[in-house]
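Here the structure comes first, spelled out in structure tokens, and everything after it is commentary.
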Amino acid sequence: MRTKRSVPARPALIAALALAAAGSLLLAPGPAGADPLPVTREGSAVDDRAARAPASAARRALTADASPAAPTRSYPRRLALAPDPENPGDKSLKLGLTPYHAIAPKLNALQRLGDRVSVEVTGRSAGGHRLYLVTVTAPETTRQARAQERMRELIENAPVTAAESREITRDYKTPVFVNSNIHGNEWEGTDASLKVIEQLATAKDARTRDLLAHSRLYFNITANPDGRVAGTRANANGFDLNRDFVTASQPETRAMRQIELGTQPAVLLDLHGYVNGTLIEPTTPPHGENYEYDLFLKNTYANALGMESAVNALGYTPAKDGVQAAQIPFRDQEEGWDDWPPIFTPQYAAFHGTVAAHTVEIPLAVNNEEYDELPVPELRRRSAINTAVAGAAIRATLNHVREHRGTLITDQIEVFRRGAAGAVQVPVSPETVPGVPGIGPEDVYTTTFPRAYVIPPGGARTQRSGPAAARLVDHLLANDVRVTRATRPFRLAGRTYPRGSYVVDLHQPKRGMANALLADGRDISGKVSVMYDISGWSLGSLWGATVERVPSGSLRGAPLRPVGEAAPVAHVPAHGDLRLRLTDPREIAALNSLLRQGVLVRRAADGSAIVPASARREARTAARTHDVSFTATRQSGTAPLHRLRVAAAVTPGELFALREMGFDVTPVSTAVLNAGFDWSGADVLFVSAGLDRPDLTEPARQALDSFLDGHGLVGRGAAGAALNAAAGRLAVKPVEGNADANGVVRVRNSGGITRDAPARGFVYAPLWFTDPGPGVRVEQSYAAGNPLVSGHWRPLRDGSGGPAAAAGQASVVSGGHTVLFGTEPLFRDHPKGEFPQVARALFTVAHSASVKESG
């Protein structure tokens, strides 16, 4: 029976307690066998720190992609790596760990140890560091490597045939993926991996030879070199990469995604820190409803037992070392460590055939305040223990793979078979997953897959899709979801769809990935008391494209052709002035590129942009660059639009989204303003995080107030509302909802800022506005009834702060030259269809402020 533990109401408090406990054990070690504190995922859930990333990091992330797949060739694959300049400021050095600049020489040395180790560069980080993938396996000729690739493709694309293949049973090498250091200040997984690679490269025993003859072991040495060097959780753009897998905004995430697609691992370890005792997944409820959880739980739990045994066998104790016994959340916790959203590495991997996937949290904290406050000998003692624990988890996993490779591959094949056949999921139970303790009704999460999703083309008179549809299709394809396109009109489930419609058939091997990305999701507020990170996400609802769910029907005979990329959108009419809709971030980026070139663009009454015929050449370049479509128009437009310089005290995700839309952005914060900021280089201020007016010095406060007296303000969330109140701008009362709430919500758009916006929005710590004074316009409201579509949003204990309290209330308000958002339209660069609301707000308030100044 699962151990039941109480769960505190605030996840940030849980994490703080767990980390505090880990840091204090040496001062007051608890008795052996003491219950560990309830835990949840490490780090702050709400993004509330001000962004500081340079524009160069955003440019690299927006233009970089994972390295293209190399032609199949033999193993080993020799790659001589040029050394990096020595960096005495690398934060790894204080811990006695491998600094980034020492990794390339170390990998060169490992390749020279024999014929088992190969190194590849899979791309570069946002900060420009090389990303290294090490493969350890027995040597393969080119012919043998091609055979492995052919069998890998057969497993995914023809699972019924693969299940009967004697060649796969006999010869296929089980792929294993070890991912290290995705959080930059959780260092030791890298060092453990390097030690294990060295052992594998030189070991002569029969068990190692057998393992490498029947496995390919892939090590992502440091998934986040920017953070490793800087001692930060995030990369150079300020992104937590272990929250980015649905969006894949960062080059490091795309590199990891490409590794998973290219290797198709049956087993995955994601090495983290720090939870004491060592935490080894599988997780507590809620469980991802779109994957085959019976197969996943069976294999993940079995491997967890082996890792637990290996970690405990190291002999560390609370009294002697400050190290608690390892724990398995599924068995030892009631809730608080969920695998609901596919934003985490192991949960994302499950959709690509990984049947045993684990986050492993090593025990002793050496980051954050511990890094700054503990003496170096103590930090190095802890790091040595952590490295040993991570190494034990890796070696136990490799032993499990060696002993159970047949079952692992059989179950991976079954995952793909169920998807391709449209088979019903198998709910977990003591009968379907024997040997796993504590399975109950709280663990049953399944879904009903639709027959298909249809993404119609953009316009009624043309089969040309809009930029939102094209972006969504390309993103699905990048996630290995199969997409087809209609060559002529067709009927499905009693409805006729036009030529050019995209169709996602849910009878495909990775149906779970397709449905996880496109479905609305589920309201799980009643399932668990609290969720640590996002509980609702939906590309179908939030990315701006029309996505229609088709519950049933037959695609037999439909005129559908597989596509490898979305059809180009770019189009510029040959004659007349041009109209550009501003309902997609790509269209905003195209507009900003024209404004940077000095093109005279005017705003139309419907919110679109009018470009004169004289700028047709510039428009064509913008159309090709951003893949957008201009239409011919007779409108002349009214007020001219001008290039905006935005001062932004915003989160890293918001800063990145603003730059993605082509705005010139200068990050600011309380500290930046107190140091002296030149406001003459800004046209508008956007505030959502990291700027607290009461904490400003008197000169900084006066400079801010002087700027706001003649310029526009866009605010988001509590920080934006607080500055609005302090500056005496919009007369509204902000009401904060449950700070733990998040998800996809229904909204009603009613103003120019939200014109043509989707009827869905995203919230995290939602806010709404009441008691509007004179001149306040409601641009958007939460829908009546229960506005939550998917996610987790409960009232507080006193009954306030819930979705019922928000229903019908204003979520976006404007007036004069101020706009306030209670939603999260730029959250982590994710809800692409919401981005234009912020762009319109910036242009609107800047324009209204300039009119006021000139008047």
Side-chain angles (χ1 to χ4, degrees), residues 2-6 14-40 42 95-97 180 186-189 191-193 195-196 199 269 271-282 284 301-334 336-337 358-371 373-400 437:
R2 183 176 306 165
T3 303
K4 301 296 183 182
R5 308 189 199 280
S6 61
I14 303 173
L17 289 173
L19 293 177
S24 63
L25 278 169
L26 289 175
L27 303 177
D35 278 353
L37 287 167
V39 296
T40 192
E42 71 293 355
L95 303 174
L97 298 172
S180 298
E186 298 166 10
W187 290 270
E188 294 92 341
D191 293 79
S193 291
K195 289 178 183 293
V196 169
Q199 293 164 358
L269 293 185
L271 297 172
H272 288 252
Y274 301 93
V275 173
N276 197 1
T278 301
L279 186 146
I280 303 168
E281 289 186 348
T284 65
Y301 187 80
N303 191 40
L305 291 176
M307 284 192 280
E308 177 187 42
S309 178
V311 168
N312 289 341
L314 294 173
Y316 299 124
T317 68
K320 177 170 65 75
D321 310 289
V323 178
Q324 298 281 358
Q327 56 185 311
I328 300 173
F330 185 91
R331 181 193 64 199
D332 300 329
Q333 302 291 333
E334 183 174 352
W337 194 276
H358 311 260
T359 288
V360 176
E361 296 278 350
I362 52 183
L364 298 179
V366 295
N367 59 0
N368 302 328
E369 62 269 17
E370 287 85 359
Y371 186 95
E373 297 171 4
L374 291 177
V376 170
E378 171 59 14
L379 287 172
R380 294 189 172 188
R381 185 195 74 86
R382 292 186 176 199
S383 289
I385 290 174
N386 289 335
T387 301
V389 168
I394 296 171
R395 287 188 291 272
T397 294
L398 300 184
N399 186 58
H400 182 83

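Only heavy atoms go into these numbers, but all of them, side chains included; no hydrogens, no water, no symmetry mates. Each residue takes its place number in the sequence, starting with 1. Everything numeric in this text was worked out from a predicted model, so none of it was measured.
Listed by first and then second residue, the salt bridge (charged side-chain N to carboxylate O under 4.0 Å, His left out) pairs involving residues 388-399 amount to none (not counting sequence neighbours). Screening residues 303-312 for side-chain hydrogen bond (donor to acceptor under 3.5 Å, both in side chains) gives Asn303-His358, Asn303-Thr397, Glu308-Arg331 as the qualifying pairs, with residues at least two apart or on separate chains.
For Ser180, the side-chain hydrogen bond (donor to acceptor under 3.5 Å, both in side chains) partners at least two apart in sequence or on another chain are Ser193.
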Exercise for the section: For Trp337 and Gln327, run side chain to side chain contact (heavy atoms under 4.5 Å, CB included): C-alpha distance rounded to whole Å, both residues' side-chain angles, the deciding distance at 0.1 Å, then the answer. Expected result: CA-CA 12 Å; Trp337 194 276; Gln327 56 185 311; over 6 Å; no

Practice task
Walk me through it: do Leu97 and Glu188 pass the test side chain to side chain contact (heavy atoms under 4.5 Å, CB included)?
Solution key: CA-CA 7 Å; Leu97 298 172; Glu188 294 92 341; 4.0 Å; yes

Exercise for the section: Begin with the C-alpha distance, continue with both residues' side-chain angles, and end with the deciding distance and a verdict on side chain to side chain contact (heavy atoms under 4.5 Å, CB included) for Tyr371 and Leu95. Expected result: CA-CA 8 Å; Tyr371 186 95; Leu95 303 174; 4.0 Å; yes

Practice task
Would you check, one step at a time, whether the test side chain to side chain contact (heavy atoms under 4.5 Å, CB included) holds for Leu364 with Arg381?
Solution key: CA-CA 10 Å; Leu364 298 179; Arg381 185 195 74 86; 4.1 Å; yes

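Shortest non-hydrogen contact noted between Val360 and Ala393 is CG1-CB, 4.3 Å.
The closest side-chain heavy-atom distance from Asn367 to Trp187 is below 4.5 Å. Inter-residue side-chain proximity for Leu314 and Val323 is flagged as unmet; no heavy-atom pair is nearer than 4.5 Å.
The aromatic rings of Phe330 and Tyr301 lie perpendicular to each other, with more than 60° between the two planes, well past the 30° mark.
Taken from CD1 in Ile362 to CG in Leu279, the straight-line distance is 12.0 Å, to the nearest 0.5 Å.
Checking side-chain atoms of Asn276 against main-chain N and O of Gln324 turns up a donor-acceptor pair under 3.5 Å. Looking only at distances, a side-chain donor or acceptor of Glu361 sits under 3.5 Å from a matching main-chain atom of Gly273.
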